[in-house]
Amino acid sequence: MDILIKPTLKLFISFAILMFQYGNAERVPALFVFGDSLVDVGNNNFLNSIAKSNYFPYGIDFNMQPTGRFCNGKTFVDIIGEMLGVAYPSPFADPNTAGVKLLGGVNYASAAAGILDESGQHYGERYSLRQQVLNFETTLDQLRTMMGRDNLTSFLAKSIAILVFGSNDYINNYLMPSIYSSSFNYNPAQFSNLLLNRYAPQLLTLYNLGIRKMFIAGIGPLGCIPNQRATGQAAPGRCVDYVNDILGTFNQGLKSLVDQLNKRPGAIVTYGNTYGAVGDILNNPSTYGFNVVEKGCCGIGRNQGQITCLPFAYPSRRAFYGPPLDTYPLNIQQMTLIH
């Protein structure tokens with residue numbers, strides 16, 4: 001399997017595609033997707049940003065059509081939608097995302113976006129977590145007009161929100177001291193707590209707006225992505241251990257946030273163990289159909305990971321059906337069965 005994707009994020013999309021198992025699930029009316037380039041389906045096409053993937057080889061396995069997805073084909077959210085029988089949520093920034101299209105959900109994700117507003121700002125415009133939640137409120141205003149307040153409450157309670165944040169706060173902020181001052185102002189533990197303290201209020205806002213079911217993905221082993229291997233901070237073939245080590249506090253804290261959210265009435269919130277799942281791929285690549293895990297598919301520079309795929313360059317299932325080690329405390333299928 002060859003996955004053509006922004007090299008710094010290639011392994012995470014790979015993990016998602018490989019990790020989802022198909023199964024029957026209770027009808028979910030809509031998916032609302034928040035995140036970064038792992039799940040962006042074209043929002044950045046409409047923004048003044050250099051973080052775009054609206055050219056080949058992106059989309060080469062998606063009807064030979066680049067869409068703004070940072071991969072060769074589908075994102076893991078596309079696959080979740082197929083499992084649940086929900087159409088691919090359209091990008092919020094697309095002017096055509098209106099009317100009946102909203103009834104299947106909306107994708108607010110934006111490449112280079114982070115939990116912090118400033119993360120990824122060197123790429124230009126992007127919708128940060130805070131802005132994505134504001135954009136969601138705009139969608140709710142339209143839906144409320146279409147279906148009425150009571151019907152909207154029921155609709156949102158049955159829908160699922162997927163959130164994928166945090167990677168850019170590290171690779172496009174904390175780990176870029178030449179551009180951002182965060183690593184001088186915070187030690188790793190303090191920075192992870194800063195992220196969690198900014199994340200939590202936005203999750204509560206989604207709950208207060210009516211979302212009851214959330215799948216919140218943790219951060220994968222960023223020290224193993226081509227972009228970080230290309231820094232030369234680790235021996236050839238090795239991951240950058242320091243980068244991986246500083247992520248533990250954030251992931252554990254995010255899992256604790258899930259526990260806190262699940263104490264609220266009606267809340268059904270799940271933590272996705274991205275770190276463990278991607279680690280399994282790295283340790284057992286042939287099991288998942290990979291021969292190379294330390295290089296990007298179509299980037300350039302060391303490890304083909306210093307610059308993203310150039311135009312015309314050549315190039316999971318456990319989260320849906322898995323045990324608590326992968327998705328805590330429930331998997332997505334179990335989430336859909338709870339009313």
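Only this structure's heavy atoms are used, side chains among them; waters, hydrogens and symmetry mates stay out. In this chain, residues are counted from 1 in sequence order.
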Note to self: Parallel, tilted or perpendicular, judged at 30° and 60°: which one describes the rings of Tyr170 and Phe191?
What the structure shows: perpendicular

Can you tell me how far the [atom1] atom of [X] sits from the [atom2] atom of [Y], to the nearest 0.5 Å?
{"X": "Met147", "Y": "Ser154", "atom1": "CE", "atom2": "OG", "result": "9.0 Å"}
{"X": "Tyr271", "Y": "Leu261", "atom1": "OH", "atom2": "CG", "result": "14.0 Å"}
{"X": "Phe155", "Y": "Leu140", "atom1": "CZ", "atom2": "CG", "result": "9.0 Å"}

Do [X] and [Y] have side-chain heavy atoms sitting under 4.5 Å apart?
{"X": "Lys52", "Y": "Tyr58", "result": "no"}
{"X": "Tyr242", "Y": "Leu175", "result": "yes"}
{"X": "Asp326", "Y": "Asn331", "result": "no"}

Looking at [X] and [Y], what are the two nearest heavy atoms and their distance?
{"X": "Phe34", "Y": "Ala109", "result": "C-CB, 4.3 Å"}
{"X": "Asn173", "Y": "Ser182", "result": "OD1-OG, 2.6 Å"}
{"X": "Ile115", "Y": "Leu195", "result": "CG2-O, 3.6 Å"}
{"X": "Asp117", "Y": "Ser128", "result": "OD1-OG, 2.9 Å"}
{"X": "Asn44", "Y": "Glu125", "result": "ND2-O, 4.3 Å"}
{"X": "Phe46", "Y": "Pro95", "result": "CE2-CD, 3.6 Å"}

Note to self: For residues Leu222 and Tyr180: do they belong to one hydrophobic cluster (side chain heavy atoms under 4.5 Å, members Ile, Leu, Val, Met, Phe, Trp, Tyr)?
What the structure shows: no

Note to self: Hydrophobic clustering (ILVMFWY, side-chain heavy atoms < 4.5 Å, transitive) - are Leu134 and Leu209 grouped together?
What the structure shows: no

Next item on the list: Check Val269, Ile160, Thr270, Asn262 against Met214 for a side chain to side chain contact (heavy atoms under 4.5 Å, CB included) and give me the one that passes.
Entry: Val269

Check: Considering the options Thr97, Asn43, Leu102, which one meets the side chain to side chain contact (heavy atoms under 4.5 Å, CB included) requirement together with Phe92?
Finding: Asn43

Check: Distance only, no hydrogens: is a donor on one side chain within 3.5 Å (strictly under) of an acceptor on the other, for Ser181 and Asn185?
Finding: yes

Next item on the list: State whether Arg69 and Asp78 are salt-bridged, where the test is any N-O pair (Lys NZ or Arg NE/NH1/NH2 against Asp/Glu carboxylate O) under 4.0 Å.
Entry: yes

Check: Is the number of heavy atoms from other residues, nucleotides or ligands under 6.0 Å of Asp150 CG greater than 12?
Finding: no

Margin query: Please determine whether the number of non-hydrogen atoms from other residues, nucleotides or ligands lying under 6.0 Å from atom CZ of Arg238 exceeds 12.
Written below: no

Margin query: Tell me whether the NZ or CZ atom of Arg212 lies within the 45° cone about the ring axis of Tyr207 and under 6.0 Å from its centre.
Written below: yes

Item checked: Cation-pi geometry met for Lys255 and Tyr328 (6.0 Å, 45°) -> yes

